[in-house]
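A short worksheet on the structure shown next.
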Amino acid sequence: MASNIEFYLRRERDERLAASESEDPRIAAIHLEMAALYARLVSLEPEAPALKRVS
């Protein structure tokens, strides 16, 4: 399975593509908003998630 960052990057790219293909500017704006939210998730995601200790 892909990492969270890979998923968020793919979704951001998909949303930007959907925005560019939309004929309705209101729908394009929604896709761009979603793309921005995915970009924000990328910036918040740690590159190497902490490992839990198991006893």
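Interatomic distance, CD of E45 versus CG of N4, reported as 4.0 Å (0.5 Å rounding). Of the inter-residue distances, the one linking R11 atom CZ with L41 atom CG reads 11.5 Å to the nearest 0.5 angstrom.
A salt bridge links E12 with R16: at least one charged nitrogen is closer than 4.0 Å to a carboxylate oxygen.
Applying the side-chain contact (heavy atoms from CB on, under 4.5 Å) test to R40 and every residue at least two apart in sequence or in another chain returns S43, L44.
Classification of the F7-Y38 ring pair by plane angle, with boundaries at 30° and 60°, yields perpendicular.
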Side chains of residues 25-36: which donor-acceptor pairs under 3.5 Å do they make with residues two or more places apart or in other chains?
| unit_1 | atom_1 | unit_2 | atom_2 | d |
| --- | --- | --- | --- | --- |
| R26 | NE | D24 | OD1 | 3.1 |
| R26 | NH2 | D24 | OD2 | 2.8 |
| H31 | ND1 | E15 | OE1 | 2.6 |

